[in-house]
Every structure is written in C-alpha cells, then in structure tokens.
Amino acid sequence: MTTTLSTTGLDVPLLEARGVTRRLQRTTILHDIDLTVADGEFLAVMGPSGCGKSTLLYTLSGLEDPTDGSVLWAGEDHSTLDGKARSRRRLLEIGIVFQQFHLLRNLSLLDNVLLPGLLARTEQRTVLRTRAEQLMTQLGVDDLTERGVGEASGGQLQRVALARALINHPRLLVADEPTGALDSAATEEMMDALAEISAEGTTIVLVTHDAQVAQRAHRIIALADGRISGDRPAPGNG
Ligand SMILES: Nc1ncnc2c1ncn2[C@@H]1O[C@H](COP(=O)(O)OP(=O)(O)O)[C@@H](O)[C@H]1O
Ligand SMILES: [Mg+2]
C-alpha cells in the first residue's frame with residue numbers, strides 16, 4: 001500500500017472539493033461543487049467571465065474557505081489546519097499565479113521570484129538565487145532580473161509570476177489565466193513550460209479562456225454560473 005504522503009503518487013486525490021458552495025453577501029458564486037484532482041493531473045478550467053473560476057481556484061488552494069462543504073488536500077480538510085500550518089502549506093506546497101500577478105513594486109523582479117524561497121527558509125540564498133535565475137531563463141525573462149514591476153510588459157510579468165510560484169517546488173500549481181496577456185508565440189512558450197512542469201509530476205489547475213491552451217491539459221472542466229457544466233478528457237501533452 002502506498003502512503004498518503006508518498007511523492008510518487010497518492011492513493012487519495014491531491015484535491016477534493018465536496019459540496020463546495022461559496023456565498024459573498026447575498027450572491028452565491030459557487031454552487032455545490034464536487035471535484036477531484038488527482039496527484040499529477042493537469043486540469044484546465046474554462047468558462048465565461050464572472051462564472052466563478054478565480055473563486056474556485058482560491059477555494060481549492062485554501063486561500064478562501066467555502067461557505068458550505070469542504071476542500072480536502074491529500075484527504076485532509078484545509079480548514080482543520082491552524083493559520084500557521086496553513087500559511088506554511090501555502091508557501092511550500094502551493095504555487096499561485098494570480099490573474100493580476102500581485103508582484104511587489106518595491107523589489108526587483110529577481111527578488112520577487114526569490115521572496116517565497118527566502119520566507120520558506122528551506123534552502124540557502126545562493127541555491128535559491130541560482131534556481132530563480134534558472135526559472136527566469138527557462139521562461140525567457142532572464143534579462144529582466146534587475147528591473148522593477150513598472151519596467152516590464154504584462155506578458156513578462158506573467159512569466160515572472162510563474163517563476164515565483166515555482167521557486168519552492170510546489171506540489172500544486174494554480175494559474176489564473178496565465179496566458180491572458182501573451183501573444184501567440186509567448187502563449188506557446190508558456191504552455192511548453194507548463195507541460196514540462198506537469199511532466200515533472202506537479203499537479204496543475206489552470207484557468208483559461210483559450211480553448212487551444214486548455215487542449216494542453218489532461219482534462220477540461222467547464223464552469224457556468226458557479227456550477228460544473230462539463231468535464232471531459234483532453235489530449236494532454238503526449
Ligand atoms: N469579493 C467579492 N465580493 C462580491 N462579489 C464578488 C467578489 N469576488 C467575486 N465576486 C463575484 O463573483 C462572481 C465570480 O467571480 P470570479 O470568481 O472572479 O469569476 P471569474 O474568475 O470566472 O471571472 C462574479 O460575479 C464576481 O463579480
Ligand atoms: Mg477570474
């Protein structure tokens with residue numbers, strides 16, 4: 001029998017949403033969502049603007065709690081962890097690329113990528129710096145290390161945000177429209193990078209408007225008005 005925390009695969013899903021409902025004020029944004037994401041799976045989430053995609057990502061990552069229902073991480077409810085353990089999980093195991101990047105303006109782009117690594121304190125600064133530079137090279141933004149947020153394009157910031165999300169080798173990468181600001185060549189490069197990350201075993205949940213981007217995943221779910229309206233396999237990367 002495999003153990004729950006083996007790195008070679010789980011005998012429970014990495015993520016499981018059970019009856020997840022999310023209400024804000026009087027609006028119900030997510031309705032009774034049941035969804036499992038297997039360890040190592042690459043899932044794309046599609047749906048029109050305002051249907052709840054970002055809210056679903058935040059709820060799955062444990063940034064927000066469901067109003068009803070629960071989200072299990074490797075079989076354990078996110079909400080059973082205290083604040084500190086939850087922050088630690090967020091920092092070490094979950095990489096998030098936000099739709100609006102949320103990069104810090106008072107740091108260089110390299111320092112933005114380094115920051116979660118420094119906060120984690122699991123590796124030496126020189127090791128982290130090498131990794132940060134490698135990630136920025138892999139994503140084609142290595143010439144921007146000393147620049148600030150105001151000195152890069154939206155597409156470049158999107159790639160820097162991805163590098164930051166990967167610095168601590170997360171088990172789960174969550175990306176909210178990471179190709180939204182990219183032209184088709186840069187989109188292709190971003191998807192090649194995500195395919196590589198997926199092939200290394202990282203679980204990915206990706207929100208996208210672009211059907212061609214979604215085709216690079218293993219599975220595509222459609223969201224409409226806060227409900228899952230479709231769930232089908234995708235060709236994936238192989
Ligand atoms: N903090 C909030 N307060 C009130 N309504 C919100 C809040 N965040 C999101 N919403 C609403 O919830 C719905 C889903 O939002 P969101 O998850 O951002 O959708 P998507 O990412 O699919 O565009 C939208 O109608 C949005 O206006
Ligand atoms: Mg959104």
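Please read all numbers here as calculations on a predicted model, not as lab measurements. Order of listing sets the numbers, starting from 1, for every ligand and every atom in it. We're numbering straight along the sequence, starting at 1.
Distances from the Mg ion (ligand 2) show that Ser54 has an N/O/S atom below 2.8 Å. Under 2.8 Å from the Mg ion (ligand 2) lies no N/O/S atom of Ser49, from backbone or side chain alike.
Residues forming a salt bridge (Lys or Arg N to Asp or Glu O under 4.0 Å) with Arg88 (at least two apart in sequence, or on another chain): none. Under the side chain to side chain contact (heavy atoms under 4.5 Å, CB included) criterion, Leu104 pairs with Asn106, Leu107, Asn112, Leu115, not counting sequence neighbours.
Pairs of residues two or more places apart, or lying in two chains, that qualify as salt bridge (Lys or Arg N to Asp or Glu O under 4.0 Å) and include a residue from residues 181-191 are Arg159-Glu189, Glu188-Arg216.
Among protein residues, Leu24, Gln25, Ile29, Pro48, Ser49, Gly50, Cys51, Gly52, Lys53, Ser54, Thr55 come within 4.0 Å of ligand 1, judged on heavy atoms.
A distance-only check finds no donor-acceptor pair linking the side chain of Glu123 to the backbone of Asn168 [under 3.5 Å].
Applying side-chain contact (heavy atoms from CB on, under 4.5 Å) to Asp32 and the options Thr21, Asp68, Val20, Ile228 leaves one that passes, Thr21.
Leu118 is not listed as a side-chain neighbour of Asp111, based on a closest heavy-atom distance of 4.5 Å or more.
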Problem set entry | Derivation of the side chain to side chain contact (heavy atoms under 4.5 Å, CB included) call for His169 and Arg131 | CA-CA 10 Å; His169 302 275; Arg131 176 160 169 77; 3.1 Å; yes

